[in-house]
Amino acid sequence: VTKPTPYAAFGELLVEGIKQTSLARRESLQQTHQFIADDLGYGVTTLYVWRRGEHLPDNPETVANLARIFAVAWQPDAAWITRFLELGEYGPAEAVEQLNAELFGDLLPVVSSPTPPVQPQPTPTRSRAGHPVVLAGLNFLAAIAFRLLEILPDSLSSGFLERISRTSPHDASPEINLFPITCGDHGLNLAEQRLMVSTAFGAYFTGLLEREQSYINLQGQIEVQAASRRNGLAPLQSLYWALQQPRGPRLVLIAAEGGMGKSTLAARLVRCLFEEEAVDMILGDSAKAEQVDPASGVIAPLAPGYDDPTSFFNRLYDQLGLPAEDGPVRSGLAVRLIRDRLAGRRAVIVVDNLESVSRGMTLLRTLRQLVSRDTRIIVTTRTTSGLEQQSDLLLVHLNPLRQPEHARAFLQWHISRYAAAQPGLQALLPDLADNRRLRTLIERTGGIPLLMQLVVSDVARFSWRHLDHLPQLFGSELLDFLYRVRWDELGQLGTTGLQARLLLRFVSDEQYRGQAITLDRLYQWAADSEPAAPPQQALELLQERFLLVNHDITVGNFAVFPSLTEFLEQQEG
Amino acid sequence: MTGAPIEWDELTALAETLSQPGLSPGNVPRAEWEKIETTLAQLLAANDWVGILRLRRIFKELIARDSVTVVPIFKRLSQAAIHAAEQVDDKAELAHLLGADGHNLHRQGYHQAALDAFERSYQLYEELGQDFQALQNYYMTSLCYRAMEKRPQARQVLETVLARVAPDDIWRANPLQVLAWLAQDEARLDEAEVLLREAISLYHENSGSEIQAAGALADLGEVVGLQGRAAEAFTVFDESLAILARFHGQYDRQEARTRLKLAELLVRQGETGRAMQLLDRADDMIRGYGHYYDLMWRIETLRAFAYFNDRQWVHTTRKLRLALYYRRKIGLSNRAFAQQLVRRMVLGIGLPR
């Protein structure tokens, strides 16, 4: 039972007033809250405190101003206003009466001569197009202004214009509400942007954005650079806090080895920014082996999807609906056009796998010109050489899972998520209490999450003794070994194994093509293949080896890890 | 390259699948477009003109719609088909293909190129004695003239067309709608409203004209709003959006156009926040397709206007500059834009289009 708040009755009336105002103004409740808060000169959170009935406005005049806003917006009757003022402890009955009179007209000053009755106005005649000379002058001025607008550099005009511009309510918001630690837990509905996100980043990253609870917040894994760390806050919240600072870094660089969860953390940040309505547009690209035209689906063989600033900007042009340049993209013009397109939007630009880009540092330098209060950039990379000294970016390192308790939490999450696809995992749950086993697992995998997941799937298939047979390899070498063993194993499993290999290639090829890879599509693919055979067994082989992940248990939304795609590109047959 | 025999039945089935409501180009798997791409390449390599025309005919209905006209394979297929029709000297087919190409060019803002295509098509139909088809293409030149600020020519075309169409012919709705635009351009809003209402009632008589009706309703909403009847205008816009919602994904450009007009009314009403939300939605609906620059510059112009009203000068200049950039890219005069902007603001008849 919720404890009643001291001013609950006032809160209820306030909620009603806000809802009616929202309806009358034909805007969202959120916009109405912002409008009222701005009008009163308070933050939106304070409005919520009053709504919940925890406090009354500290100043009776604020209660009166609220009543005035409601009276203008949706004309409540005098009884409603009276009750609102009384519950808001506006003042004695005389004061309430006086305000009511002001709102409902009784105290209007008497004018000496009666106002003439309002005559219905005919629709204003619009046949007057103005004096030709005046019009010609205006045309001339407008044409000159347009020309200047096109040729003048930003630096000459923007400073002056910024000074004389009105501050929008959005600009003026002084409050920083700390995003909760659960921010980004929920999947996103990408709506119209799904196609673009999926073709740019692939089914794996899209799945990370869309599915529920994709990331487990592990203590000690995220290391935020010292300047942005906040005492008493978990690393993830320090990161959120830094992103919210009006003068804080707008460029987040997530650095770690493959399989550490860079994409997962990037997706988590995007989800949180969306959830908090800090962004409404996802742009960017993943340095991958092929690029798809979002409209036609035609694949252009590129290695990788972007490899220098020019190709990255071309990608942004496509995503923003900007016409392609006739010649090579000039970075100055590109930055100006992209900034112009993004003005008024809240965007996040994701640059995945920066280390694959030949002129990554040049790209990063150019991208910095795009960041603003409303445009954030998230970069994932495996290397950080030359980056530490940069002050305007927030560097985040992902550490391996070194402690048994962290590994335990991670594996418990892994089992709960993937046991449906690999039932053998369930039997490992009691074993996770054994620190000795966990330490061995950490030692053999280096504490890299993806390696732990792959090895644990082997442990579920064989036994813990399997750890003893792993070679002394680390990082990408071990990852390559694990993929290689699985690939070879599938080759020895007859027609089902071969079908599994083909299925893996199909998913890997299809995952940058915009559409979710559902179970129906896999069955269709299997029916169209030679020889046609149901894919169920092949699917089981892949899932129990953790080669295929499914983001949607109901209809299926399959993807492979980007590192596996890289491995498959090197395989024949 | 001769390749494997072409699976015509499979392509026909594909065309049917792609025409389903609720399917936008973005939802079509790559492999589906590849089938068309491969077939076209095969036919071109073999100089199989008849085959190319057959392939184009299979996707005729799909190409006639808004959403896929900008898909590169269909642009290539249309160009190849025009060339094929010239090669086999099939005048009727060529006239049809040129007309369809004119529609696509006009939608994207290439009005002079569209005008050329419509005029060629019209002449071919005249030579063939197919009067109605000739008239339809002649009518389309009025849209191009208007878009290029040549209103007297546009009016002359429309008056000629209307004089040649029977008073009870429901096709009259089309020229009436464009005549309404001209009346609006000349600040005769009451006349524009009457014409649009007549056009809408004719569209409603024809069960296959829902999309045209939705477009005309958007125009009516705009005209009614400009006359100060905002509440009535909102209802009309809702009606237009309700029709488009039934074809989810197939007419994104039309839906974006209705949202743009509704947003313009909201900006004039001072509801900038809500207008911006609508504009963002319209923008998100079409920016992924690329190529719809004619609509993009109008969206950015309205944003500039909204920021101007809000006295946010930096954003105003950014958006206006972008509108100018888009226009320049599709060959539209920015001097004409300046004149149109001044004239329309003075007359109070909405933003340039």
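Within every chain, numbering begins at 1; the chains are lettered A, B, ... in the order of the sequence lines, protein sequences first and strands thereafter. Keep in mind that the numbers below use all heavy atoms, side chains included, and drop hydrogens, waters and symmetry copies.
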#### Entry: B:Lys319 (side chain) donor-acceptor with A:Arg341 (main chain) under 3.5 angstrom
yes

One should read off an interatomic distance between A:Gln319 CD and B:Arg287 CZ, to the nearest 0.5 angstrom, of 7.5 Å

Turns out that what part of B:Leu320 lies under 4.5 Å from chain A's heavy atoms comes down to both

Hey, is the main chain of A:Asp340 close enough, under 3.5 Å, to the side chain of B:Arg321 for a donor-acceptor pair?
no

Bottom line for B:Tyr307: the part with an atom under 4.5 Å from chain A's heavy atoms is side chain

Between the CD atom in B:Glu271 and the CZ atom in A:Phe35, the distance rounded to the nearest 0.5 Å is 10.5 Å

Student check: side-chain heavy atoms of A:Arg25 and B:Gln269 closer than 4.5 Å: no

A:Tyr523 atom OH, over 12 foreign heavy atoms within 6.0 Å:
yes

| said: What I'd like to find out is whether the side chain of A:Arg345 reaches to under 4.5 Å of the side chain of B:Met276, using heavy atoms alone. | reply: no

Bottom line for B:Gln339: the part with an atom under 4.5 Å from chain A's heavy atoms is both

Minimal heavy-atom distance between A:Pro323 and B:Tyr293, with the atoms involved, is CA-OH, 3.4 Å

Taken in chain and number order and not counting sequence neighbours, the residues that satisfy side chain to side chain donor-acceptor pair (under 3.5 Å) with B:Thr301 are none

When the 4.5 angstrom heavy-atom criterion is applied to B:Glu300 and chain A, the contacting part is side chain

Honestly, the part of B:Gln277 sitting under 4.5 Å from a heavy atom of chain A is side chain

**Message:** Within the structure provided, determine whether A:Leu322 and B:Leu322 are in side-chain contact (heavy-atom separation under 4.5 Å).
**Reply:** yes

By salt bridge (charged side-chain N to carboxylate O under 4.0 Å, His left out), B:Glu193 pairs with (sequence neighbours left out) B:Arg197, B:Arg229

One should read off an interatomic distance between A:Asp280 CG and B:Arg281 CZ, to the nearest 0.5 angstrom, of 12.5 Å

